[in-house]
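Quick notes on the structure that follows.
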Amino acid sequence: DIFEAMSRMRPGFVRMPGGNYLEGTGMRTRWDWKATVGLPASRPGHYNSAWGYWTTDALGLYELLLLAEALRSEPQLSVYTGYSIGAKYVPLNDSARFV
């Protein structure tokens, strides 16, 4: 299974989430960590425009932290910094809404 394969690799850290999944193509399609906490069934999910599919966000921040712990790896939390694929960068003084 996937966990066993990951465990055999003995990763020193788990980056969560990564790359284009984090950024999306704009504010509406970025990974919003605040929308990934709470009961998985109550999470709104979002359209991942970078890869072209809908995600339920059932694998959220808490679950990613549990995964890192189970793998005995350090979690490296990536946060949206205002940059999205092909979009204008959000200025730092406008960043409070997504931090």
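In this structure, the separation between CG on L71 and CZ on R10 is 12.0 Å, given to the nearest 0.5 Å. Of the inter-residue distances, the one linking K34 atom NZ with D57 atom CG reads 14.0 Å to the nearest 0.5 angstrom. Atom CD in E23 sits 9.5 Å away from atom OG in S78 (nearest 0.5 Å). Distance check, rounded to the nearest 0.5 Å: CG of L77 to CG of L64 gives 9.0 Å.
With a 4.5 Å cut-off on side-chain heavy atoms, Y21 and N48 count as touching. A heavy-atom distance below 4.5 Å is not found between the side chains of T36 and Y62. Within the 4.5 Å cutoff, no side-chain heavy atoms of M16 are placed close to those of L67.
Cluster membership check: Y47 does not share its hydrophobic cluster with M27, using side-chain heavy-atom separations under 4.5 Å among Ile, Leu, Val, Met, Phe, Trp and Tyr. The same ILVMFWY cluster, assembled from side-chain heavy atoms under 4.5 Å apart, contains both Y53 and L59. Grouping the Ile, Leu, Val, Met, Phe, Trp and Tyr side chains by contacts below 4.5 angstrom, directly or via other members, places I85 apart from L22. Note on L39 and V37: separate hydrophobic clusters, where clusters join Ile, Leu, Val, Met, Phe, Trp and Tyr whose side-chain heavy atoms are under 4.5 Å apart, directly or indirectly.
The local environment of CD in E74 is sparse, with at most 12 non-hydrogen atoms from other residues, nucleotides or ligands closer than 6.0 Å.
Partners of R72 under the side-chain contact (heavy atoms from CB on, under 4.5 Å) rule, at least two apart in sequence or in another chain, do not exist in this structure.
Looking only at distances, no side-chain donor or acceptor of T56 sits under 3.5 Å from a matching main-chain atom of G45. Not one N or O on the side chain of S73 forms a donor-acceptor pair closer than 3.5 Å with the backbone of V14.
Summarising the geometry of G26 relative to Y80, their closest heavy-atom pair is C-OH, 4.5 Å, with the distance given to 0.1 Å. Heavy-atom minimum distance, T29 versus S49: OG1-OG, 2.8 Å. P40 and E63 get closest at one heavy-atom pair: CG-OE2, 3.8 Å. Of all non-hydrogen atoms in Q76 and F13, the two that sit nearest each other are OE1-CE1, 3.9 Å. The minimum heavy-atom distance between G24 and A50, with the atom names listed, is CA-CB, 4.4 Å.
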For W31 and T55, what are the C-alpha separation, side-chain angles and deciding distance, and is it a side chain to side chain contact (heavy atoms under 4.5 Å, CB included)? CA-CA 10 Å; W31 185 75; T55 177; over 6 Å; no

